[in-house]
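First the structure, in the form of structure tokens, and then the observations on it.
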Amino acid sequence: MQEDGEHRAAVRETLTAPARQNATLSETGHRPWPLPKRHWLMGQSWLELLFAHWPVDLAAVRRHVPPPLVVETFDGAAWVGVTPFRVTGLRLTATPPLPGVSAFPELNARTYVTVGDKPGIWFFSLDAASRVAVAAARRFYRLPYFRARMSVERRDGTIAYASERRDDRGHEARFRADYRPLGPEAPAAPGSLEHFLTERYCLYTLDPEGRPLRADIHHPPWPLRPAEAEIETNTMAPPGLDLPAVDPLLHFSARQDVVIWNLEPADVTSRTGERTAPASA
């Protein structure tokens, strides 16, 4: 019975995702810059997402982020995040989600950068259980996606998440944790650390010549809840970037509906210094 209920819920998630993704475009007042004028390329919905963040020395992170991207800091520290979640409703614009390829677990390791005064996300790696999604993201978004063996289980309000990279293009990487939300849901306050870490509206990658490319992202403000987690294994950070032996800052979001544009060249302007103001993505 429980499996039947979970299957029906998954079908509902897939069927309702396109309308929810399209509806995000009517809510734009929170964005730090206008929506692109061209049409978006891809829709996704992210479920049961955990933000786990650690403060890390800026120089240590800088060694893993290529110029001309500027690593952003908050209160003197760079931040590294590990984010497990489930994807559903993956589709191209004007098309429905395809059965068998539109829903899968995903996990990323990231930090926060800016190019040309547009703050965004730099991904150290992204792991997914879908071979098709990995191949497409590598080709069309030039992102370091890797195939992984992944599982997600729900146990009395707790998410049991496990991932083991099975792709020899990346370093050995494992993640295993149980996490759950605590407390009420609310958007992050502008100017807060939570806002800095979550409200970002683009991602960055590089073209074959090492020049930065940007993909705009749009979604409503993140509906965040405090969270707790027992992280048993976490080797997601790139080799040589050690996470500090402190408890991570944890937040949970039940759902976020997203549309993403194709890559375009990022305008590069000089920018240095610490960022403590809100930055959205």
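All values below were derived from every heavy atom in this structure, side-chain atoms included, with hydrogens, water molecules and symmetry-related copies excluded.
- Using a 4.5 Å heavy-atom cutoff, the side chains of Gln256 and Leu49 are not in contact.
- Hydrophobic cluster membership is shared by Phe123 and Phe104, with clusters built from Ile, Leu, Val, Met, Phe, Trp and Tyr side chains linked at under 4.5 angstrom.
- Asp247 pairs by the salt bridge (Lys or Arg N to Asp or Glu O under 4.0 Å) definition with nothing, not counting sequence neighbours.
- By the side-chain contact (heavy atoms from CB on, under 4.5 Å) test, Thr24 pairs with His218, Pro220, Asp257, Val259, sequence neighbours left out.
- The ring pair (Phe, Tyr, Trp, His ring centres under 6.0 Å) search around Tyr204 returns none, not counting sequence neighbours.
- The hydrophobic cluster around Val132 extends to Leu98, Val101, counting ILVMFWY residues whose side-chain heavy atoms fall within less than 4.5 Å of a member.
- A donor atom on one side chain and an acceptor atom on the other are found under 3.5 Å apart for Thr158 and Arg180.
- Between Arg147 and Asp167, the shortest heavy-atom contact is N-OD2, 3.1 Å.
- Met236 and Phe146 fall into different hydrophobic clusters, where Ile, Leu, Val, Met, Phe, Trp and Tyr residues are linked whenever their side-chain heavy atoms come under 4.5 Å apart, directly or through other members.
- Nearest heavy atoms, Phe252 versus Ile159: CE1-CG1, 4.5 Å.
- Taking every heavy atom of both residues into account, Pro212 and Leu69 meet most closely at CB-CD1, 4.1 Å.
- Residues passing the ring pair (Phe, Tyr, Trp, His ring centres under 6.0 Å) test with Phe85 are Trp46, sequence neighbours excluded.
- Nearest heavy atoms, Ser26 versus Ala23: OG-O, 2.8 Å.
- Every residue two or more places apart in sequence or in another chain that forms a salt bridge (Lys or Arg N to Asp or Glu O under 4.0 Å) with Glu264 is listed here: Arg38.
- Not counting sequence neighbours, the partners of Pro248 by the side-chain contact (heavy atoms from CB on, under 4.5 Å) test are Ala52, Trp54, Ile231, Leu250.
- Listed by first and then second residue, the side chain to side chain donor-acceptor pair (under 3.5 Å) pairs involving residues 126-144 are Asp127-Arg165 (not counting sequence neighbours).
- Of all heavy-atom pairs between Thr93 and Trp40, the closest is CB-O, 3.3 Å.
- Phe140 and Leu213 fall within the same hydrophobic cluster, defined by Ile, Leu, Val, Met, Phe, Trp and Tyr side-chain heavy atoms under 4.5 Å apart, directly or through other members.
- How far NE2 of His171 is from OG1 of Thr235: 7.0 Å, rounded to the nearest 0.5 Å.
- The side chain to side chain donor-acceptor pair (under 3.5 Å) test with Gln21 is passed by exactly one of Gln44, His219, Arg91: Arg91.
- Residues satisfying the salt bridge (Lys or Arg N to Asp or Glu O under 4.0 Å) criterion with Glu185, sequence neighbours excluded, are absent altogether.
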Open item on the list: Leu243 vs Val56, test: side-chain contact (heavy atoms from CB on, under 4.5 Å). Steps then yes/no.
Closed with: CA-CA 7 Å; Leu243 299 179; Val56 179; 4.2 Å; yes
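- Residues Leu224 and Leu182 do not share a hydrophobic cluster, defined by chaining ILVMFWY side chains whose heavy atoms lie under 4.5 Å apart.
- Not counting sequence neighbours, the partners of Arg176 by the side-chain contact (heavy atoms from CB on, under 4.5 Å) test are Ala162, Glu232, Thr233.
- In the hydrophobic clustering of this structure, Leu47 does not group with Val258; members are Ile, Leu, Val, Met, Phe, Trp, Tyr whose side-chain heavy atoms approach within less than 4.5 Å, directly or through other members.
- The distance from the CZ atom of Arg62 to the CG atom of Asp57 is 12.5 Å, given to the nearest 0.5 Å.
- Once rounded to the nearest 0.5 Å, the distance linking CD of Glu72 with CG of Leu197 reads 10.5 Å.
- In terms of heavy-atom proximity, Pro239 sits nearest to His64 at O-CE1, 3.1 Å.
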TODO: I would like to know whether Phe175 and Asn234 meet side-chain contact (heavy atoms from CB on, under 4.5 Å); could you show each step before the answer?
DONE: CA-CA 5 Å; Phe175 182 83; Asn234 177 21; 3.8 Å; yes
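- For Glu48, the salt bridge (Lys or Arg N to Asp or Glu O under 4.0 Å) partners are Arg86, Arg154, not counting sequence neighbours.
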TODO: Would you please test Val71 and Trp122 for side-chain contact (heavy atoms from CB on, under 4.5 Å) and show each step?
DONE: CA-CA 9 Å; Val71 178; Trp122 174 261; over 6 Å; no
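- Of the possible polar contacts, none joining the Thr111 side chain to the Val80 backbone as a donor-acceptor pair under 3.5 Å is found.
- Here the CZ atom belonging to Arg174 is positioned 13.5 Å from the CG atom belonging to Leu107, to the nearest 0.5 angstrom.
- Residues forming a side-chain contact (heavy atoms from CB on, under 4.5 Å) with Pro221 (at least two apart in sequence, or on another chain): Glu27, His30, Pro187, Glu199.
- Within the 4.5 Å cutoff, the side chain of Ser151 has no heavy atoms near those of the Pro105 side chain.
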TODO: Could you check Leu193 against Leu249 for side-chain contact (heavy atoms from CB on, under 4.5 Å), going step by step and ending with a plain yes or no?
DONE: CA-CA 10 Å; Leu193 174 57; Leu249 179 65; 3.6 Å; yes
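- Of the candidates Trp222, Trp79, Tyr112, Trp222 is the only one forming a ring pair (Phe, Tyr, Trp, His ring centres under 6.0 Å) with Phe51.
- Put simply, CZ on Arg211 and CG on Asp207 are 4.5 Å apart, with the number rounded to the nearest 0.5 Å.
- Taking CG of Asn262 as the reference point, atom NE2 of His39 lies at 12.0 Å (rounded to 0.5 Å).
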